[in-house]
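Labels below follow one simple rule: chain letters A, B, ... track the order of the sequence lines, proteins then strands, and each chain is numbered from 1. As the structure is a prediction and not an experimental result, all values here were calculated from the model.
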There are 2 protein chains.
Amino acid sequence: MRAFERPQAVTIRDVARVAQVSPATVSRVMNRRNSVDPELTRRVQQAAASLGYQPSAIAQGLARGRTGLIAIMVPDLGNPMFQSVLRGISRAAVVEDYRVLVTDSHEMPLEEPLLARETRLRVDGLVLCAPRAHDHELSELAPKLEPFVLVNRRIAGLATSTVSVDYGAGVRAVVAHLTALGHKHVAYLSGPMASVSNQERLSTLHEAARGRFELDVLECGSMHEDGYEVADRALATGATAIIAYNDLVAIGALGKFQQTGVAVPGKVSVVGFDDIPFARYSMPMLTTVAVPQEELGREAWQRLSAMLRHEEPPADVCFTPRLEVRGTTAPLRP
Amino acid sequence: MRAFERPQAVTIRDVARVAQVSPATVSRVMNRRNSVDPELTRRVQQAAASLGYQPSAIAQGLARGRTGLIAIMVPDLGNPMFQSVLRGISRAAVVEDYRVLVTDSHEMPLEEPLLARETRLRVDGLVLCAPRAHDHELSELAPKLEPFVLVNRRIAGLATSTVSVDYGAGVRAVVAHLTALGHKHVAYLSGPMASVSNQERLSTLHEAARGRFELDVLECGSMHEDGYEVADRALATGATAIIAYNDLVAIGALGKFQQTGVAVPGKVSVVGFDDIPFARYSMPMLTTVAVPQEELGREAWQRLSAMLRHEEPPADVCFTPRLEVRGTTAPLRP
DNA sequence: TTGTATGCGTTATCAA
DNA sequence: TTGATAACGCATACAA
């Protein structure tokens, strides 16, 4: 039989024939085994060059039992936060000659397990970035996904490498900041319910707000438009400060306030999360909880890379975010 | 021998043994060949389920001569424009069961050919998004990259599918707009010199400006910071309107003007390219040349998909961008 | 309809 | 050091 796609133009056998050696020797030369006679080495290299030979990655994959590929699954490729993580991973992995496959789960918690498992089949390892699936589903699936690294998510009883952010600390910093500014009524624009980091922000917020200020929570989302649409209602609660699920939402709200002539931070303060590049370019510049996004990606790769080498990965890391006080927060003015 | 990674837990042979059939029959069942006895089909499915069998994608790839993977190469994963194209491709491809591998060429024209070729080895087809490499290098390389689709780039004498944007028309629309507003002196913040679309914008601009207004060109870049840094010098030329290479640069310049108290559009008008999501959320809202970014990705996939099926791809498409007049442009006020 | 045998392109074992 | 040869896991002619 033959593959129905055109078979690879030139194979290791062609090179072997031209160089008058065995395929095994060609393989050795291509893989820089230094146990080949210089003369043969030269012949092989010349033959390979003249034929334009390139080893088949698929065949190598099958023979070696590895693909040289890893995958990252993100909830939404449209979110700058995840783009940055992807960028960090991609740039770190390429140095070690790994390529990155990217899967967008479209914020669909129920489809994630299937998607993850299917993706895993085509690569050597996985990075699950802020997975939305349920704990127990991920736990069950874990053995079939290994090796994998979790970003922005921890799962009780699961001993896999994790790279995360202490959003609780971030929330407390925000609360302290707003309290110091005199705010007594705060609205939280809540992100996707499936987002564990949203849950963390929310619960810490409830806790930290107690006795300090009134807290209203509004269902929102994770994109500009979500913030834009919910902004008015947030203001209508009487809140004088708004904490957004992320920078996108915050900037969306800012847009609406600008349009309707609501002064920021004069009438209402706004805080975001992530510190995406655009946060410095909103007007006023967005006060936000800065998360080292690309570094999250790099750290994730460090761990996955170690696992791929069958080494012990570095210890879990949890970044403490830094509150970037910029222009969208100000003292309460009655 | 054995693969040095743990061999796949369960193979087609294990299923065959449990189901008491031949591996060939298992293969037929897994691939929905409808020539298998219902009883055997049942036995195979049950065996596969109980063993948790998943066919090895690598082995399938080798046997079928295809990987089920495509790749997209972009100059910079940090650019929202390319992110959107990636998103469009990824979402279109997954529907047809293709996964997407992403390669970031770091805006390095010289490394692109190697990167492209190496990437091509691991996938069935390629999308080159705004490649920065030289025409002749791409032409030479073309046979080894096929099938591939070009986005935002056309190469003389190269008969490969192309999805592009008529930036010339976009530039003329901008020029007409600014001229109508009375501007007599315009500065262009030039993008990466290796960017062909930058060259197109530049040459059309020179042409269109002739006899209408004075044109200053400033070397800039493609990111926020580039626009931020060059903004002052652009103003110092005496220009009353600034055309930026893209929205990122425009927004960067806007940020600087905001900081230094330069009124936009009162003192200077600003125009961008692309219409990234953030363009609606700058203040004022950015006047920009809107490019259908995700659609570029979808159209690219349409063509690549056809080529992968050995069908004739749809004709080349060239989008005419639409000028979105928003808040950063205004009549010249002396 | 089912099973046997072969090939996909490489790597790796083992004997020479 | 080199070359047969056997995997790797699957899909598919071909024979039964």
Side-chain angles (χ1 to χ4, degrees), chain A residues 1-44 47-48 51-69 120-124, chain B residues 1-45 47-48 51-68 120-124:
Chain A
M1 67 137 265
R2 358 182 336 164
F4 73 78
E5 300 279 334
R6 61 166 183 190
Q8 165 151 338
V10 30
T11 77
I12 201 170
R13 263 189 283 269
D14 300 316
V15 179
R17 194 174 331 108
V18 170
Q20 314 222 42
V21 298
S22 74
T25 296
V26 176
S27 173
R28 286 191 267 259
V29 172
M30 298 305 290
N31 294 304
R32 304 220 154 55
R33 297 266 178 287
N34 44 5
S35 62
V36 182
D37 184 277
E39 162 62 12
L40 290 194
T41 300
R42 200 191 53 71
R43 288 215 315 259
V44 168
L51 294 175
Y53 168 70
Q54 298 270 133
S56 154
I58 315 181
Q60 287 183 324
L62 185 56
R64 300 208 262 234
R66 40 154 289 185
T67 62
L69 262 35
R120 176 63 181 83
L121 291 174
R122 336 191 78 141
V123 300
D124 300 332
Chain B
M1 69 139 266
R2 355 183 339 165
F4 72 78
E5 301 279 335
R6 58 167 184 189
Q8 165 151 338
V10 30
T11 78
I12 201 171
R13 264 190 283 269
D14 300 317
V15 178
R17 194 175 330 109
V18 171
Q20 315 225 42
V21 297
S22 75
T25 297
V26 176
S27 172
R28 287 190 268 258
V29 171
M30 297 307 288
N31 292 304
R32 302 220 155 55
R33 297 265 177 286
N34 44 5
S35 64
V36 181
D37 184 278
E39 163 61 12
L40 289 194
T41 301
R42 201 191 54 71
R43 287 217 315 258
V44 168
Q45 284 171 336
L51 294 176
Y53 169 70
Q54 296 271 133
S56 153
I58 316 181
Q60 285 184 324
L62 186 56
R64 300 208 262 234
R66 39 154 290 184
T67 62
R120 176 62 182 85
L121 291 174
R122 336 190 79 142
V123 300
D124 301 331

For the pair made of CZ in A/Arg66 and P in C/dT10, what is the distance, rounded to whole Å? 16 Å

Between P of D/dC10 and CG of B/Asp14, the distance in whole Å: 9 Å

Can you list everything that forms a salt bridge (charged side-chain N to carboxylate O under 4.0 Å, His left out) with B/Arg43? Sequence neighbours excluded, please. B/Glu39

Using atom P of each nucleotide, how far apart are D/dA15 and D/dA11 to the nearest Å? 22 Å

Using modelled atom types only, decide if a donor and an acceptor are shared between the side chain of A/Arg28 and the backbone of A/Asn31 within a distance under 3.5 Å. no

Under the side chain to side chain contact (heavy atoms under 4.5 Å, CB included) rule, what do B/Val29 and B/Leu40 come out as? Steps first, then yes or no, please. CA-CA 9 Å; B/Val29 171; B/Leu40 289 194; over 6 Å; no

Calculate the interatomic distance between A/Ile12 atom CD1 and C/dG7 atom P; express it in whole Å. 18 Å

Gap separating the OG1 atom of A/Thr41 from the CZ atom of A/Arg32, nearest 0.5 angstrom: 11.0 Å

Helix axis bend for the helix from C/dG3-D/dC14 to C/dA16-D/dT1 - C1'-based end axes, five pairs, 10° rounding: 50°

From the candidates C/dG7, C/dT11, C/dG9, the one with an atom nearest any side-chain atom of A/Thr11 is C/dG9

Exercise: identify the closest heavy-atom pair between B/Pro23 and B/Arg13: CG-CG, 4.1 Å

From CZ of A/Arg33 over to P of D/dG3, roughly how many Å is that when rounded to an integer? 16 Å

Which of the following nucleotides, C/dG9, C/dG7, D/dT12, is nearest to the side chain of A/Ala63? C/dG9

Below 3.5 Å between N/O atoms, which protein atoms pair up with nucleotides 1-5 of chain C? Just atom names and distances, please.
unit_1, atom_1, unit_2, atom_2, d
C/dT1, O5', B/Ser35, O, 3.3
C/dT2, OP2, B/Asp37, N, 2.5
C/dG3, OP2, B/Ser22, N, 3.1
C/dG3, OP2, B/Ser22, OG, 3.2
C/dG3, OP2, B/Thr25, OG1, 2.7
C/dG3, N7, B/Arg28, NH2, 2.6
C/dG3, O6, B/Arg28, NH1, 3.4

Which of these passes side-chain contact (heavy atoms from CB on, under 4.5 Å) with B/Val21: B/Val15, B/Asp37, B/Val44? B/Val44

A/Arg122 and A/Leu69, any side-chain heavy atoms less than 4.5 Å apart: no

Please state how far atom CG in A/Asn31 lies from atom P in C/dT13, giving the value in whole angstrom units. 13 Å

Measuring from B/Leu51:CG to B/Thr11:OG1, what's the distance to the nearest 0.5 Å? 9.5 Å

Report yes if a side-chain nitrogen or oxygen of A/Gln60 is closer than 4.0 Å to either non-bridging phosphate oxygen (OP1 or OP2) of C/dT11; otherwise report no. yes

Has A/Arg64 got a side-chain N or O lying under 4.0 Å from the OP1 or OP2 atom of C/dG9? no

Nucleotide D/dT2, atom C1' - distance to CZ of A/Arg43 in whole Å: 12 Å

Rounded to the nearest Å, what distance is computed from the CZ atom of residue A/Arg32 to the C1' atom of nucleotide C/dT11? 16 Å

Would you kindly give the CG-to-P distance between A/Leu62 and D/dC10, to the nearest whole Å? 9 Å

B/Thr67 backbone acceptor or donor facing B/Arg64 side chain under 3.5 Å: no

Compare side-chain N and O positions of B/Arg13 against OP1 and OP2 of D/dC10 and report whether any pair is under 4.0 Å apart. no

